[in-house]
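Here is the structure we will look at, set down as structure tokens.
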There are 2 protein chains.
Amino acid sequence: MAARRPTIRDVARRAGVSVTTVSHTFTGNGTVAPATQQRVRSAAHDLGYRPDVIAQGLRRNRLGVIALVARQLDALRPDLLVDVDYFARFAGAAAVASLAEGLGLMLVSDPTGPRAAGAALASDGFIVTEPVTDDPLVAMLTSAGIPFVTVGEVPGGAPVDDPAAAPLVDIESGRLTTLALDHLWEAGARRIALVTGTDRNEWNLRTAAVYRRWAAYRRITPAMAHVPEALDDEGGRRAAATLLDAGPPPDGVYALTSNHALGVVSVLSERGLRVPEDVRIVAGSDAESLRTAHPAISSIDLQPDELARRAVEALVARLDDRPAPDHTGEPVGQLVVRASSGSA
Amino acid sequence: MAARRPTIRDVARRAGVSVTTVSHTFTGNGTVAPATQQRVRSAAHDLGYRPDVIAQGLRRNRLGVIALVARQLDALRPDLLVDVDYFARFAGAAAVASLAEGLGLMLVSDPTGPRAAGAALASDGFIVTEPVTDDPLVAMLTSAGIPFVTVGEVPGGAPVDDPAAAPLVDIESGRLTTLALDHLWEAGARRIALVTGTDRNEWNLRTAAVYRRWAAYRRITPAMAHVPEALDDEGGRRAAATLLDAGPPPDGVYALTSNHALGVVSVLSERGLRVPEDVRIVAGSDAESLRTAHPAISSIDLQPDELARRAVEALVARLDDRPAPDHTGEPVGQLVVRASSGSA
DNA sequence: ATGAAAGCGCTAACAT
DNA sequence: ATGTTAGCGCTTTCAT
């Protein structure tokens, strides 16, 4: 059935021109008379011709595909996808933004491993969301000279000599941490604890650092618990237990992962502490489940859609050798106040 | 900086063999003496050589990428991503499964449109989740002879002459609908209403059909409300209002979309109806937010991970011209009973 | 304004 | 077991 796809040569023959002319009318290179263009286009249309992206890719050394490496995507336990909302919104928006640029968006777990899918490496560029300390992927991309953009900075990364070499979408952990903590403070909390995940990414590390400084500034005693992201609510439960057993109960908790926040809330209520009357809670990442929880839980909405759009935009700029657009002064990420920290 | 990538020729020269030998050692075609293989491999290693996937693709007419078309991905409003949990779990698992097969997974909204990203069409095959009535994409793929797999059947599609031509991952709407309705019935509900979305896909259409038959069989009066998926909880609220205003209040509701179920619950409680005492609820799609809702809401877990794995498996089989594996007798999708329909 | 021809990096006949 | 060579479909000098 599937008759061989028409090639550029078929079109040329049918239009009575050379392949060069066909190529030119489609790429916009060279100059071809409007009348000829018309002929070529209609010939192409009749034949149902579409330029072969792979052949183009071979010549131009550009495939038209960018890869998204999401650290939430664990190759070993895909069913354990952490932070579903963030991942979905980010991936969805990134796909749409890429498509709008005429690029495909490939989902990749981590091409560093031995079984790296060949196609993964064929991408024109990479978006790495939440790179971790000494990220091997970042090292690989850097040494291979493959363009990439990270969402959140590479913690402890050697200071980049050329900042333009590795554009970065700022996730503004510092500002957002302060935002969340100040909000808890203003709501009356004075013993504010922090619950983070254990991935060594900017979000966890910087938040902890800023929290310490903030605590010193406010003259409160810092209390932290770190639990693996993948433990979900159970992780939050453990963190809450740890905090409660460690000393006087906190009257405010900032839990970075949405599921941790949910776990914290359940332990609190089991122990007879009311939210928000006794303890105010803010989660560091927004999710559907927070909105519909009882009480609804306040959170930092990282606006993954916007982050994804910026990441694609920055990567495309880099691919085109243009400077990345500057978003200074356009903060991303916002506090969403819900019942868990609202006026009691 | 980026020195030109080494090519197969560089490796051949360095190993003192022909390009054919290099090609053969990597593809496994032909026969190459083990000793030679060794030489080739180490030469390749020294040079940091990786076969160029694009060039391979050009020759083999296979890129090593499959495309995922998710209907939840609306190009116009990516921030309005519907059914986040399903999308994320499906896409995540599909990506991991593809990668395991050495294939990349490209996210695509709908390559049918005019601004179709070229790369999208370059994929070796497509996975279409939840095709709709007379799906234009399915028509396009069929006529272009591009391999694809649908998750859920194409409603009202002309009966396919060759069933092997368009493999299908069965989402088992019939069985799951009966499962949910029987569960409500056994929990004591007798006026059971149905809330569906308005997308014209198998899930909505078949569920409604099975519901009607089931109602006839149980001799209850069917009561249905259809609201757009994208309206989220607000849609559920409208549906609930419609149902409550239409006659005697239902004592059981099966709401296909998780957010609709949440909306239904909130309207019920606003009107003084208790869940599950007065009305029992089951949602037709599982989500984090249902698990953590109060009361927690029962649901049909469609097991998107498993569906995705099967879809990839079927597509890969098709690409290799093997028959698709048969999963008859291995039901997918299960009822998760939570407080909203548990014993009162 | 148009065309001829040389590859892009690789694979697959077809020798040897 | 290894090598020669002709393309895959396209872009791109370089002529004309």
Side-chain angles (χ1 to χ4, degrees), chain A residues 2-41 43-44 47-65 102 118-119 121-124 144 146, chain B residues 2-41 43-44 47-65 102 118-119 121-124 144 146:
Chain A
R4 195 182 54 81
R5 276 182 72 168
T7 79
I8 198 174
R9 233 178 302 263
D10 300 321
V11 178
R13 197 171 312 123
R14 186 172 231 265
V17 297
S18 74
V19 293
T20 310
T21 305
V22 178
S23 174
H24 282 173
T25 72
F26 281 107
T27 59
N29 297 342
T31 42
V32 355
T36 320
Q37 289 215 25
Q38 232 359 284
R39 279 220 317 287
V40 171
R41 284 191 198 288
L47 263 36
Y49 168 80
R50 304 283 240 141
D52 181 327
V53 196
I54 303 180
Q56 285 181 321
L58 180 58
R59 283 290 346 199
R60 307 212 248 235
N61 214 19
R62 280 276 229 110
L63 226 202
V65 172
L121 281 316
S123 316
D124 302 334
I146 301 174
Chain B
R4 195 183 53 82
R5 276 183 71 171
T7 79
I8 198 174
R9 234 180 301 263
D10 300 322
V11 178
R13 197 171 312 122
R14 186 172 230 267
V17 297
S18 75
V19 292
T20 309
T21 305
V22 178
S23 174
H24 282 173
T25 71
F26 281 106
T27 60
N29 296 341
T31 41
V32 182
T36 320
Q37 288 216 24
Q38 232 359 284
R39 279 219 319 288
V40 171
R41 284 190 198 288
L47 263 34
Y49 168 80
R50 306 282 241 137
D52 182 327
V53 196
I54 304 181
Q56 285 180 322
L58 181 57
R59 284 282 357 191
R60 310 211 245 232
N61 216 17
R62 280 275 228 112
L63 226 204
V65 172
L121 281 316
S123 316
D124 302 334
I146 301 175

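The sequence lines fix the lettering, A, B, ..., with proteins before strands; numbering per chain opens at 1.
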Revision key, fill the gap. Per-nt protein contacts along nucleotides 8-16 of chain C (heavy atom under 4.0 Å; B base, S backbone sugar-phosphate only, - none) come out as BBBBBB---
Review point. Can you list the steps and then say if B/V17 with B/R39 is a side-chain contact (heavy atoms from CB on, under 4.5 Å)?
Key: CA-CA 9 Å; B/V17 297; B/R39 279 219 319 288; 3.4 Å; yes
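In this view, A/R60 and A/T27, A/Q56, A/R62 satisfy the side-chain contact (heavy atoms from CB on, under 4.5 Å) rule, not counting sequence neighbours. Qualifying side-chain hydrogen bond (donor to acceptor under 3.5 Å, both in side chains) partners for B/R9, counting only residues two or more places apart in sequence or in other chains: none. Annotation: side-chain hydrogen bond (donor to acceptor under 3.5 Å, both in side chains) contacts of B/T21 (sequence neighbours excluded): B/S18. Annotation: side-chain contact (heavy atoms from CB on, under 4.5 Å) contacts of B/I54 (sequence neighbours excluded): A/I54, A/L58, A/L63, A/A122, B/D52.
Contacts between residues 30-40 of chain B and DNA chain C, defined by a heavy-atom separation under 4.0 Å, are absent.
With a heavy-atom cut-off of 4.0 Å to chain A, the contacted part of DNA chain D has its first and last nucleotide at D/dG9 to D/dT12.
When all heavy atoms are compared, the tightest approach of B/A43 to B/A15 is CB-CB, 3.9 Å. When every heavy atom of B/V32 is checked against every heavy atom of B/H24, the shortest pair comes out as CG2-CB, 3.6 Å.
For the pair A/R41 (side chain) and A/T25 (backbone), a donor-acceptor distance under 3.5 Å is present. A donor-acceptor pair is defined here as one N or O able to donate and one able to accept, closer than 3.5 Å; no such pair exists between the side chain of A/R50 and the backbone of A/A44. At distances below 3.5 Å, at least one donor-acceptor pair connects side-chain atoms of A/D124 with backbone N or O atoms of A/V65.
When the options A/I8, A/T7, A/T36 are evaluated for a side chain to side chain contact (heavy atoms under 4.5 Å, CB included) with A/V22, the one that passes is A/I8.
Counting only residues at least two apart or in different chains, salt bridge (Lys or Arg N to Asp or Glu O under 4.0 Å) contacts with residues 11-37 of chain B comprise B/D10-B/R13, B/R14-B/D46.
In the helix from C/dA1-D/dT16 to C/dT16-D/dA1, the terminal helix axes, each the rotation mapping four pairs' C1' atoms onto the next four within five end pairs, subtend 30°, rounded to 10°.
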